[in-house]
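For reference, the structure discussed in these notes is given below.
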Amino acid sequence: MSEKSQIILVWWTIIAAVVFGMAWVFLIRLMPLPPATLSAQEVARFYAENSFSIRLGATVCSWTSAFLVPLSVVTSLQLARLEKGTPVWSLLYFAGGILTSIFLVIPPLLWGVAAFTPTRPAEVTLVIHEFAMLTFVTTTQFFIFYMVALIVITLRQPKDPRDPLSPFPRWLAYLTIWVALITEVGALAYLTKQGPFSWNGLFIFWLPFGIGFAWLGVLAVLLLQALKRQREVAVGA
Amino acid sequence: MLDRRLPGESGIWVLILGELFVFSIFFVTIAMTHRAEPDQFLRDQATLNRPLALANTLLLLTSSLAVALAVHRVREQRTGVAALFAVAIACGSGFVAIKSFEYWEKTVAGVMFNSSDFFTYYFAFTGIHLAHVLLGLGVLFALTAAARQEPTPQRVSMIECGGIFWHLVDLLWIVLFALFYVAG
Amino acid sequence: MSPTRRLILIWMALIALTLISIGTRTNSQIGPVPMYGFVIAAALLKVRFVILDFMEVRHAPWALRLLLEAWIFCLCAVLIGVFS
């Protein structure tokens with residue numbers, strides 16, 4: 001009977017994610033991420049020139065950057081609905097999902113800090129900037145937990161007959177394996193400051209973030225569709 | 001008219017096509033680097049251990065054969081499946097050992113991720129491939145266990161999917177081997 | 001031909017192609033571009049065998065087979081094209 005609440009949570013995630021994205025692009029103005037080869041002076045100048053806008057962006061992100069939390073709760077509950085017995089994998093999903101959100105919260109926070117005192121030494125601002133960038137792209141540690149949990153539960157479902165109320169079609173498991181492999185590459189950003197493996201590179205930023213966010217979108221849509229079906233069954237019963 | 005049948009299940013092909021897409025970007029990147037800096041590329045290539053890489057290629061090709069034979073036997077419910085998967089696992093483990101040795105060899109010689117564009121791509125792409133080999137070994141262990149159980153249609157389908165993933169690992173190495181070690 | 005026999009023959013072909021590819025390196029009569037083209041084509045031919053016979057796409061629905069054959073062809077063309 002909690003379908004309505006779950007639907008609200010998914011929409012909460014979607015709206016917060018959109019607002020977060022807009023704050024990042026238009027207020028913080030770090031989309032795309034700048035090259036890792038910029039000097040301390042260049043970085044400090046960016047934060048000084050955009051100080052107010054960035055701090056406003058950090059403010060907005062303070063309200064929206066933890067958008068993964070509600071979605072993780074709903075996905076865990078939907079997985080638990082399918083998991084027989086003790087919900088081991090569903091809990092793993094829950095833990096991984098909500099902990100991942102921390103690493104989306106930290107970068108805007110740090111960008112706000114970087115912009116907070118334009119008069120500080122440039123090298124100090126550079127450190128905060130690097131901290132923010134590397135946190136943004138390398139922190140894939142919790143992804144594995146929730147992606148594997150989703151893969152396991154989804155593949156355990158019987159093919160025939162298919163559960164019409166399940167939000168997780170079998171192809172989602174395979175798609176998730178692909179997304180997991182792509183996003184884990186992000187950790188390599190520590191190893192170089194230029195080229196496609198640097199923090200704004202093709203393999204560290206564009207592919208993982210593009211594909212990762214698309215995957216979240218797919219998940220949100222599947223959940224909403226399934227919740228609608230579940231609600232119809234609950235109402236009809 | 002032959003019956004056309006989708007190997008495994010449709011989802012595995014989502015993964016395969018996705019991986020082929022990403023690795024194609026890797027492959028084109030290597031080719032473009034070769035074209036853009038031919039002297040540096042050939043110099044760096046000459047320091048690679050080609051005999052070991054050849055051994056690795058032969059190991060993966062053999063492991064793929066073993067897996068293909070094993071999957072056939074699972075479908076026909078014949079014996080020898082466990083032995084074939086064991087051969088594949090042994091070959092795959094050999095690959096991991098040899099690759100690790102290659103990396104160690106390079107590292108003690110002072111060659112690292114940042115040494116040149118060639119080596120950035122070499123370590124990154126063969127490293128990502130190695131991660132796939134390790135994942136594939138896990139899959140092979142799971143397939144060995146699954147093959148001991150009752151061959152329900154769903155289980156046979158999953159075993160086929162696992163085999164298909166292993167063949168992907170083999171196929172990706174074939175191209176990496178050609179681009180990094182052979183094409184000169 | 002039994003499936004087992006067929007798979008073993010294909011494996012032998014794969015090994016042969018591998019060794020031939022490496023062998024071309026020692027042939028100084030071939031220019032660098034044709035040699036590169038040969039190595040790439042040989043590699044993709046090996047890939048084709050793995051896809052069609054090990055992954056069993058040869059008897060898969062046409063859509064999948066055509067898609068994968070097209071990928072093999074395009075990759076081959078792009079890799080050789082980039083180099084020439």
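Each chain gets a letter, A, B and so on, in the order the sequences are listed, and its residues count up from 1. Side chains included, hydrogens not; waters and symmetry mates left out as well; all remaining heavy atoms used. Computed from a prediction, not measured in an experiment: that's the story for all the values here.
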Which heavy atom of [X] sits nearest to which heavy atom of [Y], and what is that distance?
X	Y	result
B:A31	C:F83	O-CD1, 4.5 Å
B:L61	C:W11	O-CD1, 3.5 Å
C:T4	B:R78	OG1-NH1, 4.4 Å
B:I174	C:A43	CG2-O, 3.6 Å
B:R4	C:A60	NH1-O, 2.6 Å
C:S21	B:V182	O-CG1, 3.7 Å

Check your understanding: Which one, C:L64, C:L19, C:I40, leads in non-hydrogen pairs under 4.5 Å with chain B?
Key -> C:L64
Contact winner vs chain C - [options], heavy-atom pairs under 4.5 Å:
options	result
B:L6, B:L20, B:I30	B:L20
B:L172, B:D170, B:L69	B:L69
B:V71, B:V175, B:L54	B:L54
B:L58, B:T57, B:T62	B:T62

Practice item. Measure the spacing between CD1 of B:I164 and CD1 of C:I51 and express it to the nearest 0.5 Å. Key: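 B:I164 CD1 to C:I51 CD1: 11.0 Å, rounded to 0.5 Å.
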Does any backbone or side-chain atom of [X] lie under 4.5 Å from a heavy atom of chain B? Answer side chain, backbone, both or neither.
X	value
C:I22	both
C:V78	side chain
C:T18	side chain
C:T24	neither
C:I10	neither

Contact class of [X] relative to chain C, heavy atoms under 4.5 angstrom:
X	answer
B:R73	neither
B:L168	both
B:F177	side chain
B:S64	both
B:H72	side chain
B:L17	side chain

Check your understanding: Would B:W13 and C:V57 satisfy side chain to side chain contact (heavy atoms under 4.5 Å, CB included), going step by step from the backbone distance to the final call?
Key -> CA-CA 11 Å; B:W13 296 103; C:V57 172; 3.5 Å; yes
Exercise for review: May I ask you to decide if C:H59's main-chain N or O and B:R5's side chain share a donor-acceptor pair within less than 3.5 Å?
Suggested key: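 No, because the side chain of B:R5 does not come within donor-acceptor range (under 3.5 Å) of the backbone of C:H59.
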Check your understanding: Between C:F54 and B:H167, what is the ring plane arrangement, given parallel below 30°, perpendicular above 60°, and tilted in between?
Key ->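 Taking B:H167 first and then C:F54, their aromatic rings sit tilted (interplane angle of 30° to 60°).
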